[in-house]
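All values derive from a computational prediction rather than experimental measurement. Both backbone and side-chain heavy atoms feed into the values below; hydrogens, waters and symmetry mates do not.
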Amino acid sequence: MKYYSTNKQAADATLEEAVVKGLAADKGLFMPYEIKRLPESFFDEIQDLSFQEIAYRVADAFFGEDVPADTLKQLVYDTLSFDAPVVQVKENIYALELFHGPTLAFKDVGGRFMARLLGYFIRKEGKQKVNVLVATSGDTGSAVANGFLGVEGIHVYVLYPKGKVSEIQEKQFTTLGQNITAIEVEGTFDDCQALVKNAFMDEELNRHMQLTSANSINVARFLPQAFYYFYAYAQLKKMGKADEVVVCVPSGNFGNITAGLFGKHMGLPLKRFIAANNRNDIFYQYLQTAEYCPRPSVATIANAMDVGNPSNFARVLDLYGGSHERIAAEISGATYTDEQIREAIQQTYQETGYLLDPHGACGYRALTEQLQPGETGVFLETAHPAKFLQTVVNAIGATVQIPEKLQAFMKGTKQTVPMSKDFADFKAYLLSE
Ligand SMILES: *Cc1c(COP(=O)(O)O)cnc(C)c1O
């Protein structure tokens, strides 16, 4: 299938070009030319299919023309080596738990799929080694690094701001070794991002090594997120709760919710969506005013949603022909302060015993406030609460069990390459690699 750019000023790309380039030449985001509807018969039997079987049917609709069936099946089955259960929190409200993967956050799905798809393209063409550069403020680095760990022909450089990510997050990408190098930058997340952007634009560096990005805008990270919307629906259908499903997505860069919107365009019978924001509520304001006004992000306790100019807004606009009316008919918004997020974690824990993470807390709270009679709400629990240990412990005033997977990371030894924020230093380092 061909991909076009949301800015419509760049040439069409093949899947392989879109995956390797990440961003189109005109800085737009790649969109598939066709969003295929899945047949009624699929939805009739979906409740009897496994997560992997469902995901393969969805993957086939997007990637089936470009990847042989048995290879694609293998990629999907390898990616989804863990479950994504729907768990009841209270009457009519369910959590879709997306934290059962290796780094305990939903980004594992996209990270693992992209690594495997890129690995396939490299093997197929006998390409030279590909180097992935990724800047992270926390979760992206761990999901990408763990997704690519041990994939042949690919080396990953994770750039992160020294002293500005939590210890648990840092351990998840600095202790891996093998084909993963963590670069500890004397600067902020923005400095890390600037180093990566400069590297992509530097001709000498690009002649020296094949560089690619694993940013969340990449179609190979973004589209696979549709898998679990279908699986959530299947589980609700099995419970007899699938008639009027409202999906609430804690949103930052809007990649996750956009994948859900794609699912609906493929025929998934979801009633409507809610996008839950923290104080970085650019999308919420857009819904109210029809004006899109990006602004610098502010730090919150739901930090993976601290985005001041959500990249995937371009995809949402494109999907609905730029119509605010159509977007507002499909998605409603919500916005919460840190205080309201803490309150949601505390109250939910007290009332139901369910422990929310700060991102899921936004999603849960929005459902409790906006669900109509007869509707069933499901919110995406995007990360395990123990990843935000201090915040949740403070909110509930009790200790929190740290899952074994997280503890295992904590035992590893941190290994990093120290780096200044000067591009000249970073370039010299890469040229010597
Ligand atoms: C990345 C992330 C989000 C935001 O997802 P987007 O696709 O950027 O909207 C929400 N919660 C967690 C835990 C995340 O890591």
*Asks:* Between His384 and Phe99 (judged by ring centroids, cut-off 6.0 Å), do the two rings come close enough to count as a pair?
*Replies:* yes
*Asks:* Would one find more than 12 heavy atoms of other residues, nucleotides or ligands at under 6.0 Å from atom NZ of Lys162?
*Replies:* no
*Asks:* Measure the spacing between CD1 of Ile341 and OH of Tyr336 and express it to the nearest 0.5 Å.
*Replies:* 9.5 Å
*Asks:* Whether the side chain of Gln172 engages the backbone of Phe409 through a donor-acceptor N/O pair (distance < 3.5 Å, no angle test) should be reported.
*Replies:* no
*Asks:* Any side-chain to backbone donor/acceptor pair from Ser142 onto Gln169? Under 3.5 Å, distance only.
*Replies:* no
*Asks:* As a quick check of understanding, evaluate side chain to side chain contact (heavy atoms under 4.5 Å, CB included) for Phe173 and Leu149, giving each step before the final call.
*Replies:* CA-CA 10 Å; Phe173 54 81; Leu149 183 65; over 6 Å; no
*Asks:* How about Phe426 and Leu159: do any of their side-chain heavy atoms sit closer than 4.5 Å?
*Replies:* yes
*Asks:* State, yes or no, whether a side-chain contact exists between Phe148 and Met114 at a heavy-atom distance under 4.5 Å.
*Replies:* yes
*Asks:* Assess the residue pair Asp83 and Tyr231 against the criterion (side chain to side chain contact (heavy atoms under 4.5 Å, CB included)); give the C-alpha distance rounded to whole Å, side-chain angles, the decisive distance to 0.1 Å, and a yes or no.
*Replies:* CA-CA 10 Å; Asp83 198 17; Tyr231 183 47; 2.8 Å; yes
*Asks:* Are the aromatic rings of Phe63 and Phe113 close, with centres under 6.0 Å apart?
*Replies:* yes
*Asks:* Just by modelled atom types, is the Gln285 backbone N or O under 3.5 Å from a matching donor or acceptor in the Gln288 side chain?
*Replies:* no
*Asks:* Distance-only, no hydrogens or angles: does the Asn253 side chain make a donor-acceptor pair with backbone N or O of Gly255 under 3.5 Å?
*Replies:* no
*Asks:* Out of curiosity, Leu236 CG to Gln88 CD, how far, rounded to the nearest 0.5 Å?
*Replies:* 10.0 Å
*Asks:* Taking the six-membered ring for Trp, are Tyr292 and His324 ring centroids under 6.0 Å apart?
*Replies:* no
*Asks:* Taking atom OH as the centre, does Tyr349 end up with more than 12 heavy-atom neighbours from other residues, nucleotides or ligands that are less than 6.0 angstrom away?
*Replies:* no
*Asks:* For Arg112, is there any backbone N or O sitting under 3.5 Å from a side-chain donor or acceptor partner on Arg116?
*Replies:* yes
*Asks:* Can you confirm if the NZ or CZ of Arg315 lies within 45° of the ring axis of Phe222 and under 6.0 Å from the centre of its six-membered ring?
*Replies:* yes
*Asks:* Given 3.5 Å as the limit, does a donor-acceptor pair link the side chain of Asp357 with the main chain of His359, or not?
*Replies:* yes
*Asks:* Going through the checks in order, is the side chain to side chain donor-acceptor pair (under 3.5 Å) test met by Asp338 and Asn278?
*Replies:* CA-CA 7 Å; Asp338 280 359; Asn278 59 26; over 6 Å; no
*Asks:* If we only count heavy atoms from C-beta on, is the Val158 to Val144 side-chain gap below 4.5 Å?
*Replies:* no
*Asks:* Walk me through whether Asn256 and Tyr228 qualify under side chain to side chain donor-acceptor pair (under 3.5 Å).
*Replies:* CA-CA 10 Å; Asn256 208 359; Tyr228 43 71; 2.7 Å; yes
*Asks:* Locate the shortest heavy-atom distance separating Met1 from Ala61; write the atom from each residue and the value.
*Replies:* CE-O, 3.6 Å
*Asks:* Does some side-chain heavy atom of Leu380 sit less than 4.5 Å from a side-chain heavy atom of Tyr229?
*Replies:* yes
*Asks:* Is there a side-chain contact between Val393 and Thr399 (heavy atoms, below 4.5 Å)?
*Replies:* no
*Asks:* Any idea which heavy atoms bring Tyr233 and Leu270 closest together, and the distance?
*Replies:* CD1-CD2, 4.3 Å
*Asks:* State whether the number of non-hydrogen atoms from other residues, nucleotides or ligands found under 6.0 Å of Arg272 atom CZ is greater than 12.
*Replies:* yes
*Asks:* Tell me the closest heavy-atom pair linking Asp26 and Ala10, and the distance in Å.
*Replies:* OD2-N, 3.1 Å
*Asks:* Taking the six-membered ring for Trp and the single ring otherwise, decide whether the centroids of Tyr33 and Tyr4 are under 6.0 Å apart.
*Replies:* yes
*Asks:* May I ask you to check whether Thr335 and Asn277 show a side-chain donor-acceptor distance below 3.5 Å?
*Replies:* no
*Asks:* Run the numbers on Ile345 and Tyr364 for side chain to side chain contact (heavy atoms under 4.5 Å, CB included), then give the verdict.
*Replies:* CA-CA 9 Å; Ile345 296 172; Tyr364 175 79; over 6 Å; no
*Asks:* Would a distance-only check, ignoring hydrogens and angles, find a side-chain to backbone donor-acceptor pair under 3.5 Å from Arg221 to Gly110?
*Replies:* no
*Asks:* According to the interplanar angle, ranging from 0 to 90°, do the rings of Tyr286 and Phe283 count as parallel (below 30°), tilted (30 to 60°) or perpendicular (above 60°)?
*Replies:* tilted
*Asks:* Kindly state whether the ring of Phe254 and the ring of Phe313 have centres lying under 6.0 angstrom apart.
*Replies:* no
*Asks:* Search all heavy atoms of Glu184 against all heavy atoms of Thr416 and return the closest pair with its distance.
*Replies:* OE1-OG1, 2.7 Å
*Asks:* Report the C-alpha separation of Gln210 and Val20 in whole Å, then their side-chain angles, then the decisive distance to 0.1 Å, and conclude whether the side chain to side chain contact (heavy atoms under 4.5 Å, CB included) test is met.
*Replies:* CA-CA 9 Å; Gln210 166 109 25; Val20 171; 3.5 Å; yes
*Asks:* Which distance, rounded to the nearest 0.5 Å, do you find between the CD of Glu375 and the CD of Gln370?
*Replies:* 10.0 Å
*Asks:* Identify the heavy atoms of Ile402 and Leu389 that sit nearest to each other, and give their distance.
*Replies:* CD1-CD2, 3.8 Å
*Asks:* When rounded to the nearest 0.5 angstrom, what is the spacing between CG in Asn309 and SG in Cys293?
*Replies:* 11.0 Å
*Asks:* Between Lys264 and Lys271, is there a donor-acceptor pair closer than 3.5 Å when you use the side chain of the first and the backbone of the second?
*Replies:* yes
*Asks:* Would you indicate whether the side-chain heavy atoms of Phe423 and Asp202 approach each other to under 4.5 Å?
*Replies:* yes
*Asks:* Is it the case that over 12 heavy atoms from other parts of the model lie below 6.0 angstrom from the CD atom of Glu152?
*Replies:* no
*Asks:* Any idea which heavy atoms bring Ala361 and Ala344 closest together, and the distance?
*Replies:* O-CB, 4.0 Å
*Asks:* As an exercise, state the distance from OH of Tyr157 to CD1 of Ile180, rounded to the nearest 0.5 Å.
*Replies:* 10.5 Å
*Asks:* Heavy atoms, side chains only, cut-off 4.5 Å: are Ile282 and Arg295 in contact?
*Replies:* yes
*Asks:* Report yes if the side chains of Phe230 and Arg57 come closer than 4.5 Å at any heavy-atom pair, otherwise no.
*Replies:* no
*Asks:* Determine, for Lys8 against Asp318, whether the closest basic-nitrogen to carboxylate-oxygen distance falls under 4.0 angstrom.
*Replies:* yes
*Asks:* Please answer whether the main-chain N or O of Gly147 pairs with a side-chain N or O of Asp108 as donor and acceptor at a distance below 3.5 Å.
*Replies:* no
*Asks:* Quick check: does any side chain N or O of Lys107 sit under 3.5 Å from a backbone N or O of Ala383, one acting as donor and the other as acceptor?
*Replies:* no
*Asks:* Using a 6.0 Å cut-off, check whether atom CD of Glu369 has over 12 heavy atoms from anything other than its own residue.
*Replies:* yes
*Asks:* Rounded to the nearest 0.5 Å, how far apart are CG of Asp66 and CG of Leu117?
*Replies:* 9.0 Å
